[in-house]
Amino acid sequence: MGFCLRNRIRFLVFSLSDYRQVFQAGGTVDGLTLGFWPVPLHRLIRRVLSIRIVRTFLTLLPGVGILDQQRCWADVEIPSLKRGLWIIDGPGDWCASMPRISDQEATTIRRVLSYHARFQQQASVFHQALRSKCDRLIGVHARRGDYASHRDGRWFYAEADYLKWIDQATSALRATPYERIHFVVCSNEPGFLECANRADLSVSRLGSAAADQLLLSMCDLILGPPSTFSVWAAFLSDTALLHIFSRDQRLASSQVRRSTLFYGWQPRVEPED
C-alpha cells in the first residue's frame with residue numbers, strides 16, 4: 001500500500017480473509033476508501049481466486065501480470081505497474097524488496113485501516129488500568145498455537161523461555177534503577193503465563209486478536225518472536241519492537257527497533273559474551 005501511494009499506482013486489495021469484523025469501512029483518506037464486498041460475493045470471489053488454474057489463466061491475458069516468489073516488485077518498472085493489472089500471489093520476497101515507508105504514508109495507512117470502536121475501547125480501558133502500575137509497560141506477544149508447526153516450531157517458546165526473557169528485560173531495558181516496569185502478555189493460547197503469579201506481570205483477557213493487537217500497540221515496547229502480528233501492532237502507533245529469534249538470545253537494548261512492516265527486515269541479535 002505504501003509503495004502504491006508513493007508511486008501513485010491504483011490498487012485493489014483483496015484478502016482471502018474477511019476483515020469486516022475488524023476494520024471500519026467507509027470514509028476516504030488521501031483518496032483511499034476501505035470497503036467490503038457483501039459476504040456472499042466475498043466468499044464466491046475467494047473460492048474462485050483460490051483455484052490455481054484460475055490465477056494461471058488470468059496471467060495469460062494481455063496486460064495482466066503476476067508477482068510471486070519468483071518475481072517481485074523490484075523486477076518490474078513502475079511505468080509497467082501503472083499500466084497493467086498485477087496480481088500478488090503470495091508474499092515471496094517482494095516485501096523485503098520495498099524501501100521503508102515514509103511517515104506520511106504510514107499515517108495514511110493507519111487512518112484507512114481503523115479498528116472498530118469496540119476493540120479500541122476494550123484495549124484502552126485495560127491499558128489505563130495497567131498504566132497505573134508502572135512507569136514503562138512492555139507487551140509480551142506469546143505466539144503459540146500455529147507456531148508449534150510453523151518453521152518446525154523454531155519460535156514456539158515455552159513458559160520458562162518467556163519468564164527468562166522477562167527477567168532479562170527487567171534489568172537490560174530499565175532506564176533507571178527506580179523505573180517500574182510492568183509486563184502484559186497477549187497470546188493466542190488462552191491463559192498462557194497466567195500461573196506465573198508475578199506482581200509485575202498481567203495477562204490479557206480481552207478475548208479477541210484485534211483488541212490484543214491494539215493493546216500491544218499501546219505499550220512502550222513489544223517483546224516476542226518474529227511475527228507479522230507484532231510487527232503490525234508496533235506499526236499502529238510506532239511502538240518499539242524487540243523480536244526474539246532463538247531460545248538462546250540474550251536481550252539487549254541495542255536489539256530494539258521500529259516496525260518497518262518487514263521492508264528490508266533483517267534480524268538484529270547481539271552476540272553473547
Side-chain angles (χ1 to χ4, degrees), residues 15-17 19 21-23 90-91 95-96 113 115 119 122-123 126-127 130 137-170 172-173 181-196 198 200-252 255-263 265-270:
S15 171
L16 295 185
S17 300
Y19 288 102
Q21 301 300 323
V22 178
F23 299 113
C95 282
L113 297 175
Y115 288 67
F119 298 128
Q122 291 170 2
F126 192 39
H127 169 256
L130 295 173
L137 182 61
I138 296 180
V140 179
H141 177 223
R143 185 70 174 259
R144 300 278 292 174
D146 58 324
Y147 263 36
S149 56
H150 178 63
R151 296 203 176 190
D152 297 323
R154 180 187 304 179
W155 299 319
F156 188 70
Y157 304 136
E159 289 191 355
D161 296 320
Y162 284 100
L163 292 174
K164 173 189 66 176
W165 289 316
I166 287 172
D167 287 335
Q168 289 181 14
T170 301
L173 306 179
I181 297 180
H182 194 83
F183 299 86
V184 57
V185 177
C186 295
S187 177
N188 58 341
E189 180 179 309
F192 187 72
L193 283 182
E194 204 162 31
C195 297
R198 297 176 54 139
D200 63 346
L201 180 65
S202 299
V203 175
S204 170
R205 297 181 180 178
L206 296 177
S208 74
D212 274 350
Q213 196 165 54
L214 285 167
L215 176 60
L216 288 173
S217 76
M218 296 173 183
C219 296
D220 300 305
L221 172 70
I222 300 173
L223 179 70
S227 166
T228 52
F229 188 91
S230 57
V231 167
W232 183 259
F235 173 77
L236 286 175
S237 57
D238 201 11
T239 303
L241 181 67
L242 198 165
H243 271 164
I244 304 173
F245 294 94
S246 76
R247 287 182 174 83
D248 299 326
Q249 181 173 335
R250 186 168 184 83
L251 305 191
Q255 298 167 11
V256 177
R257 60 181 301 174
R258 292 176 59 191
S259 166
T260 59
L261 294 185
F262 280 118
Y263 296 141
W265 186 272
Q266 292 293 332
R268 184 176 176 182
V269 179
E270 294 296 306

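In this structure, Arg144 forms a cation-pi arrangement with Phe156, its terminal cationic atom sitting closer than 6.0 Å to the ring centre and no more than 45° off the ring axis.
Shortest non-hydrogen contact noted between Ser187 and Ala142 is OG-O, 2.7 Å. The shortest non-hydrogen separation linking Ala252 to Leu242 is O-CD1, 3.8 Å. Scanning all heavy atoms of the two residues, the minimum distance from Gln255 to Arg250 falls at NE2-O, 3.0 Å. Smallest separation of non-hydrogen atoms from Ala169 and Ile181: O-CD1, 4.3 Å. Listed here is the closest heavy atom pair of Asn188 and Pro190: O-CD, 3.6 Å. Heavy atoms only, all atoms of each residue included: Cys219 and Val184 are closest at SG-CG1, 3.8 Å.
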Exercise. Show the numbers, then the answer: is there a side chain to side chain contact (heavy atoms under 4.5 Å, CB included) between Leu214 and Leu206?
Key: CA-CA 11 Å; Leu214 285 167; Leu206 296 177; over 6 Å; no
Quiz item: Given the rule in the side chain to side chain contact (heavy atoms under 4.5 Å, CB included) test, do Met218 and Leu137 qualify, once you have shown the distances and angles that lead to the verdict?
Solution: CA-CA 9 Å; Met218 296 173 183; Leu137 182 61; over 6 Å; no
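Each of Gln213, His243, Arg143 was checked for a side chain to side chain donor-acceptor pair (under 3.5 Å) with Ser230, and the lone residue meeting it is His243.
Checking side-chain atoms of Ser237 against main-chain N and O of Ser217 turns up a donor-acceptor pair under 3.5 Å. Side-chain atoms of Asp167 never come within 3.5 Å of backbone atoms of Lys164 as a donor-acceptor pair (strictly under, hydrogens ignored). With hydrogens and angles disregarded, no donor-acceptor distance shorter than 3.5 Å links the side chain of Tyr162 to the backbone of Val185.
The distance from atom CZ of Phe235 to atom CZ of Arg258, rounded to the nearest 0.5 Å, is 9.5 Å. Atom CG of Leu236 and atom CG of Leu113 lie 9.0 Å apart (nearest 0.5 Å). Taken from CD in Glu159 to CD1 in Ile166, the straight-line distance is 10.0 Å, to the nearest 0.5 Å. A distance of 11.0 Å separates OG1 in Thr170 from NE2 in His182, rounded to the nearest 0.5 Å. Distance check: Leu223 CG to Leu251 CG gives 5.5 Å after rounding to the nearest 0.5 Å. To the nearest 0.5 Å, atom CD1 of residue Ile138 and atom CG of residue Leu216 are 12.0 Å apart.
Counting heavy atoms from C-beta outward, Ser227 and Tyr147 have side chains that approach closer than 4.5 Å.
Within 6.0 Å of CG on Asp152 lie no more than 12 heavy atoms contributed by other residues, nucleotides or ligands. By the neighbour-count criterion of 12 heavy atoms within 6.0 Å, atom CZ of Arg247 is densely surrounded, having more than that number from other residues, nucleotides or ligands.
In this pair, Trp155 and His150 present their aromatic rings tilted. The plane angle is within the 30 to 60° band.
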